[in-house]
Amino acid sequence: MQPTRIQKLFEFVRQKNRSALIAYVTAGDPSPDRTPEIVASLVRGGVDLIELGVPFSDPIADGPVIQRAAARALQAGTTVPKVLDMARAIRKNSETPLLLFTYLNPVLRYGLDKLARDAQAAGIDGCLLTDVSVEEAEPYVAAMRAASLDTVFLAAPTSTDRRLKLVAQYSTGFVYLVSRTGVTGEQAALSESLAPLIDKMRVATKLPLAAGFGISTPEQAGVVAKIADGVVVGSAIVRQIEKDPGGLESLARSLAERMKK
Amino acid sequence: MITSQPDSTGHFGPYGGRFVPEVLMAPLEELEQAYRAATADPPFQAELTDLLTHYAGRPTPLYYARRLSETLGGAKIYLKREDLLHTGAHKINNCLGQALLARRMGKKRIIAETGAGQHGVATATVCALFGLECVVYMGEEDMRRQRLNVFRMRLLGATVVSVSNGSRTLKDAISEAMRDWVTNVHSTHYLLGSALGAHPYPQMVRDFHRVIGEETRAEVLKREGRLPDSLFACVGGGSNAIGMFHAFIGDENVKLIGIEAGGRSLQLGEHAARFAGGAPGVLHGAKSYLLQDADGQAALTHSVSAGLDYVLIGPEHAWLHDRGRAEYTSCSDADALAAAKKLARTEGIIPALESAHAVHEAIRRAPTEPGKLYVVNLSGRGDKDTDIYRENFPELDAAGV
């Protein structure tokens, strides 16, 4: 099977001896027409992979910053088809890997098989559904595999060894490590639970490991880059979009500078 | 014989399951194990039974509503008086069970969501009883319309957190409680108040309320020498209804009738009748019938009764519905208010607005079914709804002052 853009990216950064910088944006925030430009500025600043969040009415895993972004995006009329339009627009002049990042219900409503096909055609490379546990993943994973899309699952500090193995088994592309118990959002200090989680996960899989939740400053990103293969920054990016999208490129650059091993 | 039990992974047919972020998966496994162990532990069961009897006031009476029945001139209507329990509704059954379980698991902090405030009050009550910290999430809109219960919770020592997102009702309170649980899962037990959420909650909450139907079945057999023809219960998440129905599921001649909130009309956004316009979807940990728009976003809901004002129905009800074992209908705001007034004036019982929905359906059917035996689950009392009754019956308020 052909490697996906996501798989190629992690091979590329491994050879460069650095970590991949991953940015989360809520698609359609502040409006659907702005998203391609927002993504372009992040990529110019050095972001390697974009998590394209499909807004959901009840984002139980998200803190206030991303909740507000989802509300703005929904208010602006963002839907799954519109997010696919944004992906197509981004793909016109970018090969940056795109990961759909959302909750199950909007995907279920659109149709699992149809979403997998349409997302692949729009240039999306993989998908992460925060509220789909590996136990419930079978039909979803089958649909994504049929369209050659990566499926990324979450591993958490509370996951048992048995669960970490299952998460690794169902994931392709990379595994997303939740650095602490909690919702998305900036934190003053990095969680102490991340390093032991990375150690345990390395035993369970050879897949690249990206870490997120609570990583917001260049200093924190730099620390995580030393031990993980990818660093996800979400709320800090979304907050910048809320405040002034003009500052995104320099924010991305300040994070990208810290990706060295 | 028809039975209704989830499979080993918590699915009721195609519904239920465990759709939550990975952080909560291991804690849910731990909760399931603790629950199974407690179920098989005689001292746990004995302590729960003792509390239900001497603290909560079980068994509750099965009351023959003679004047109501005679006025309607048809079916003979009994009321299962869950409204007479301590704290004023059936909710205390589940709260005592889960609080004992939390203590057994070594959790010192309890969080809960509440719509009408009845589950919040019952949670605050058991936390006071066991000396546990208590935080209750409640939608801003519900805090406004159930002010009395907010005060009761605070008097009992609980912290009530106002939730101002989305529809500012039960849905948003559950989302906020889940965010708290994700964050504080090591120290905290989420005392979910309805037969909703990820496995094992729908099964566990049901089992703690199963006593409602067991008592009803034994008592009606003793009094009437036969089983009832129809059972009536309102359905928000569906805990009082599943508690009433469950002991009768194998009795195929007993009709199980669930009543959802018909609100102002059956247009999306104006009601909370999931079987009238909802479609299978996933929210708050489980798959079931969900009121949603064409893009899979949860819809806004409306009901005059905060306790029924929720977008998803408990997954076991979805399964009973699809198999045709239970039937579901809805009752409008106006009909529920009228039923409450009728019960007040024929029997001297002011019901909770939620329970008034079930009373309405019994009143509607009774005249056409002489000789039939009904039991209505009167799940809560109406004290908490006094302000809403005052707003809706202005002719009774202020006149003659």
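Note on naming: letters A, B, ... go to the chains in the order of the sequence lines (proteins, then strands), and numbering restarts at 1 for each one. All values below come from the heavy atoms of this structure, side chains included, with hydrogens, waters and symmetry mates left out.
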Cation-aromatic face contact B:R323/B:W319, 6.0 Å, 45 degrees
yes
Under a 4.5 Å cut-off applied to non-hydrogen side-chain atoms, are A:Y24 and A:V238 in contact?
yes
Note: vs chain A, highest number of non-hydrogen pairs under 4.5 angstrom among B:R18, B:M178, B:E30, B:E176 is B:R18
By a 4.5 Å heavy-atom criterion (distance strictly below it), what part of A:L104 contacts chain B: side chain, backbone, both, or neither?
side chain
Just checking, any donor-acceptor pair under 3.5 angstrom between side chains of A:Y170 and A:E138?
yes
B:Y35 vs B:D207, side chain to side chain contact (heavy atoms under 4.5 Å, CB included): CA-CA, chis, key distance, verdict:
CA-CA 11 Å; B:Y35 174 60; B:D207 288 350; 2.8 Å; yes
Would you say B:D293's side chain and B:D295's backbone share a donor-acceptor pair under 3.5 angstrom?
yes
Counting only heavy atoms closer than 4.5 Å, note whether B:I174 contacts chain A via side chain, backbone, both or neither.
neither
Are side-chain heavy atoms of A:E136 and A:D131 found at a separation under 4.5 Å?
no
For A:R145 and A:T151, which I'm curious about, is there any donor-acceptor pair between the side chains at under 3.5 Å?
yes
Selection from B:H284, B:Q297, B:R179 maximising heavy-atom pairs under 4.5 Å formed with chain A:
B:R179
Could you label the plane-to-plane angle of the B:Y289 and B:H321 rings as parallel, tilted or perpendicular, counting under 30° as parallel and over 60° as perpendicular?
perpendicular
Given that the side chain runs from C-beta out, which part of A:V167 has a heavy atom under 4.5 Å from chain B: side chain, backbone, both or neither?
side chain
Which answer fits A:Y110, side chain, backbone, both or neither, if we ask what part of it has an atom under 4.5 Å from a heavy atom of chain B?
neither
Inspect the surroundings of NZ in A:K200 and state if more than 12 heavy atoms from other residues, nucleotides or ligands are less than 6.0 Å away.
yes
If I measure from the heavy atoms of chain B, does A:P59 come under 4.5 Å with its side chain, its backbone, both, or neither?
both
Is a side-chain donor-acceptor pair under 3.5 Å present for A:S216 with A:Q187?
no
Heavy atom to heavy atom, less than 4.5 Å: which residues from residues 183-202 of chain B reach chain A?
B:T183, B:V185, B:H186
Which portion of A:S159 sits near chain B, non-hydrogen atoms under 4.5 angstrom
both
When rounded to the nearest 0.5 angstrom, what is the spacing between CD1 in B:I313 and OH in B:Y15?
10.5 Å
So, B:S330 versus B:Y328: side-chain donor-acceptor pair below 3.5 Å or not?
no
Could you tell me whether the side chain of A:L129 reaches within less than 4.5 Å of the side chain of A:Y140, counting heavy atoms only?
yes
Test item: side-chain donor near acceptor, A:D62 and A:T184, under 3.5 Å
yes
Contact origin within A:R162 toward chain B - heavy atom pairs under 4.5 Å:
side chain
Chain B contacts: which residues in residues 70-86 of chain A have a non-hydrogen atom closer than 4.5 Å to it?
A:L74, A:T79
Top contributor to chain A contacts, counting heavy-atom pairs under 4.5 Å, from B:A177, B:A294, B:A299, B:P280
B:A294
Where does B:P27 contact chain A at under 4.5 Å (heavy atoms): side chain, backbone, both or neither?
side chain
Do we see a donor-acceptor contact under 3.5 Å between the side chains of B:D309 and B:T301?
yes
